[in-house]
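This structure is a prediction, so every number in the text was calculated from the model and none was measured. Letters go in sequence order (proteins before strands), and every chain restarts at 1.
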Amino acid sequence: MLQPSLELYGESFEKVDALLDDLLAKSHAQYVLIVDLKGFVIAHNKALWAPKPPSLDSLATLIASNYSANLAIAKLFGETGFKEMIQQGDRVGMYVEELDETALLVTLFDTTAALGRVKMFTKKAVTEIQTILSENKGEAPTMNFDENWHNSTRALIDGLFGPSK
Amino acid sequence: MSTINFSAREINFKIVYYGCGMSGKTTNLKKIYESIPGTAKGELVSLATEDERTLFFDFLPLDLGQVNGFKTRFHLYTVPGQVFYNSSRKLILRGVDGIVFVADSAPNRLRANAESLRNLRDNLTEYGLSMDEIPYVVQVNKRDLPDALPSDMIKKVLDPSGKTQFFDAVAAKYIGVTEPLKAVSQLVLEHLAQKA
Ligand SMILES: Nc1nc2c(ncn2[C@@H]2O[C@H](COP(=O)(O)OP(=O)(O)O)[C@@H](O)[C@H]2O)c(=O)[nH]1
Ligand SMILES: [Mg+2]
């Protein structure tokens, strides 16, 4: 099966995207991300005033791995997980909330944001996103893996790694 | 298992380099990173100890390009090979789409290769997966060692049924590095098309 990571497409994506913008505005955070636990970025938004973020791929894979490692630590002690996932540096902080079993909502903020607000609005956004995800989203889009698709991918693989000998 | 993101129009695949400690998994990623043109690759992330042993994983994202309007991307990971890092290895296998098993040709590593393969099988089982369902190839690395075991012998131990594609390699010299990656990428894409 194709796994549409977090069933997010069409109208529900638009709604979540708007929610992320709202979260940025209200919390004064710099970046918000939805990260798949496999380490992929599902959605991301940036405050207009924030500088260019570091590599989102690196960020997503490290956040997902960090989360998984912490969960594994909690389980060693018979816990189902740790409640608060906050990292704070001198200039930048990160707050992580679970969206469901497959994805996380991540808020990154600098010293201009108050942690209390970040937490409150992130938690609120989680509830709202969960509601959107539970709504009927209609038919999932499909992909067509036709002859053309096969030929194109083969050509791209050759292009990247050199043609087969 | 592959993750399709309809809103960002991306298909993402996760390919994991597996194998015993010191077989050359990290070397594969480093060489790919050095050789692939700048626009097609992202940053190489290594979570390693001071003496360059992989502690958690190495990570390298590759952009294949656009197919039918979808950006197709491969995320390459290595696992830490040492036996005691199994909890980390298990975490990295989450959502794996394809595996390159890196075997070491050194005579004293034959057993470690076989044990690592068994460990891979066990860890996949915990995710409800079996080796038969996951695109999988083997790279027989360090063919340059003067006392390298014959490839056929390693092959017999790791794949008695002869169903798997094997590639000889000297990863440190970027020989036999792209071939297994190409093969597994191709298998992963075919696998996706079959399952869709
Ligand atoms: N002789 C030889 N050494 C290699 C080759 N590939 C990697 N190595 C060396 O093997 C050691 C372990 O490699 P590394 O990639 O860190 O192994 P990993 O534990 O599987 O990640 C390093 O010293 C590498 O330079 C090879 O093809 N031939
Ligand atoms: Mg390594």
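Within 6.0 Å of atom CG in A:D90, 12 or fewer heavy atoms from other residues, nucleotides or ligands are found, so the atom counts as exposed in its surroundings. Heavy atoms of other residues, nucleotides or ligands lying less than 6.0 angstrom from CG of A:L76 number more than 12. The environment of A:E84 atom CD is dense: over 12 non-hydrogen atoms of other residues, nucleotides or ligands sit within 6.0 angstrom. Heavy-atom neighbours of A:K75 NZ from other residues, nucleotides or ligands within 6.0 Å: at or below the threshold of 12.
In terms of hydrophobic clustering, with Ile, Leu, Val, Met, Phe, Trp and Tyr side chains grouped at heavy-atom distances under 4.5 Å, B:F101 and B:Y77 are assigned to a common cluster. Put simply, B:I134 and B:L117 are part of the same group of oily side chains (I, L, V, M, F, W, Y) that touch within less than 4.5 Å, one to the next. Hydrophobic cluster membership differs between A:L56 and A:L23, with clusters built from Ile, Leu, Val, Met, Phe, Trp and Tyr side chains linked at under 4.5 angstrom. Hydrophobic clustering of Ile, Leu, Val, Met, Phe, Trp and Tyr side chains at less than 4.5 Å, counting indirect connections, keeps A:L99 apart from A:M85. No continuous path of ILVMFWY side-chain contacts below 4.5 Å connects B:V170 to B:F166, so the two sit in separate hydrophobic clusters.
Most heavy-atom pairs under 4.5 Å with chain A: of the set B:Q186, B:Q66, B:E190, B:K14, this distinction falls to B:Q186. In terms of non-hydrogen atom pairs under 4.5 Å with chain A, the most contact-rich of B:L64, B:D63, B:V177 is B:L64. For the set A:L160, A:T153, A:V41, A:T61, the count of heavy-atom pairs under 4.5 angstrom toward chain B peaks at A:T61. Most heavy-atom pairs under 4.5 Å with chain B, from the set A:S65, A:S55, A:A64: that is A:S65.
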### Task
Please test A:F161 against B:S185 for side chain to side chain contact (heavy atoms under 4.5 Å, CB included), starting from the C-alpha separation and ending with a verdict.
CA-CA 11 Å; A:F161 304 124; B:S185 307; 4.1 Å; yes

### Task
Take A:D57 and B:F59 through the side chain to side chain contact (heavy atoms under 4.5 Å, CB included) test and state the conclusion after the steps.
CA-CA 9 Å; A:D57 285 327; B:F59 166 73; 4.1 Å; yes

### Message
Pair B:K182, A:D158 - check side chain to side chain contact (heavy atoms under 4.5 Å, CB included), show working.
### Response
CA-CA 8 Å; B:K182 258 183 92 163; A:D158 282 347; 2.8 Å; yes

### Query
Between B:N68 and A:D146, is a side chain to side chain contact (heavy atoms under 4.5 Å, CB included) present by the stated rule, with each step listed?
CA-CA 10 Å; B:N68 290 2; A:D146 50 11; 3.9 Å; yes

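Looking at A:D17, neither its backbone nor its side chain comes within 4.5 Å of chain B, counting heavy atoms on both sides. Only the side chain of B:L47 has a heavy atom closer than 4.5 Å to any heavy atom of chain A. Proximity to chain B involves both the backbone and the side chain of A:L37, based on heavy atoms less than 4.5 angstrom apart. Using a 4.5 Å cut-off between heavy atoms, B:I36 touches chain A through its side chain atoms alone. Heavy-atom distances place the side chain of B:L91, and not its backbone, under 4.5 Å from chain A.
B:V67 and A:S152 get closest at one heavy-atom pair: CG1-CB, 3.7 Å. Nearest heavy-atom pair across B:A193 and A:H150 is CB-NE2, 3.6 Å. Of all the heavy atoms in A:F40 and B:H75, the pair that sits closest is CE2-ND1, 3.0 Å.
Atom CG in A:D36 sits 8.5 Å away from atom CG in B:N12 (nearest 0.5 Å). Atom-to-atom distance recorded for B:F56:CZ and A:L62:CG is 9.0 Å, nearest 0.5 angstrom. Annotation: the span from A:I157 atom CD1 to B:L62 atom CG amounts to 11.0 Å, rounded to 0.5 Å.
Side-chain contact check for A:L156 versus B:T72: every heavy-atom pair is 4.5 Å or farther apart.
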